[in-house]
Amino acid sequence: MTAYAFRRNVRLSFALTLAVLVMTAFVFTPSLSAAAENAGAVDYNTSWVCIAAALAFGFGALGAGFAIANVGSAAMGAISEKPEIATNALIFIALAEGLVVFGFITALMILGKV
């Protein structure tokens with residue numbers, strides 16, 4: 001697979017994922033907004049809140065995936081040349097994994113406003 005075809009496939013899968021996310025949010029939130037209207041506590045559109053939470057977590061996961069791919073491959077190459085730096089390499093991989101945690105916490109904070 002060429003680099004162009006790979007980029008095209010990544011863009012296509014990202015666009016399809018975003019479309020499914022938006023459609024899912026609008027399919028499942030009418031029941032949530034109906035319950036909120038009965039309670040009278042929420043005055044904004046719940047669909048956009050769900051989309052914002054999903055995007056916060058999704059972009060955090062995508063960023064962590066790209067970071068771990070780059071850092072992990074570089075760390076494995078460095079460990080193969082100098083095995084004593086394995087603990088340092090593992091720390092850098094764990095720092096990249098922290099992006100997912102930040103995205104998850106942000107999504108929970110957004111959903112806590114509903």
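It should be emphasised that the depicted structure is a prediction, and the values quoted were computed from it without experimental measurement. Starting from 1, each residue takes its place in the sequence as its number.
Placement of L18 and I51 within a single hydrophobic cluster is found when ILVMFWY residues are connected by side-chain heavy-atom separations under 4.5 Å, directly or transitively. Under the 4.5 Å side-chain heavy-atom criterion for Ile, Leu, Val, Met, Phe, Trp and Tyr, F57 and F59 are members of distinct hydrophobic clusters.
To the nearest 0.5 Å, atoms SG (C50) and CG (L111) are separated by 6.0 Å. The distance from atom CD of E97 to atom CG of L90, rounded to the nearest 0.5 Å, is 11.0 Å. Rounded to the nearest 0.5 Å, atoms CD1 (I110) and CH2 (W48) are 13.5 Å apart.
For I105, the side-chain contact (heavy atoms from CB on, under 4.5 Å) test picks out V101, M109, with sequence neighbours left out.
The shortest non-hydrogen separation linking A78 to I85 is CB-CD1, 3.6 Å. Of all heavy-atom pairs between I93 and I68, the closest is O-CG1, 4.3 Å. Closest of all the heavy-atom pairs between A64 and V100 is CB-CG2, 3.2 Å. Across A107 and A53, no two heavy atoms sit closer than the pair CB-O, 3.4 Å. Heavy atoms only, all atoms of each residue included: I79 and A89 are closest at CD1-CB, 3.8 Å.
Between T17 and F14 there is no side-chain heavy-atom pair separated by less than 4.5 Å.
If you chain together ILVMFWY residues whose side-chain heavy atoms come under 4.5 Å of each other, L99 ends up in a group of its own.
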| task | Take N9 and F6, measure what side-chain contact (heavy atoms from CB on, under 4.5 Å) needs, and give me the verdict at the end. | result | CA-CA 5 Å; N9 288 342; F6 178 74; 5.6 Å; no
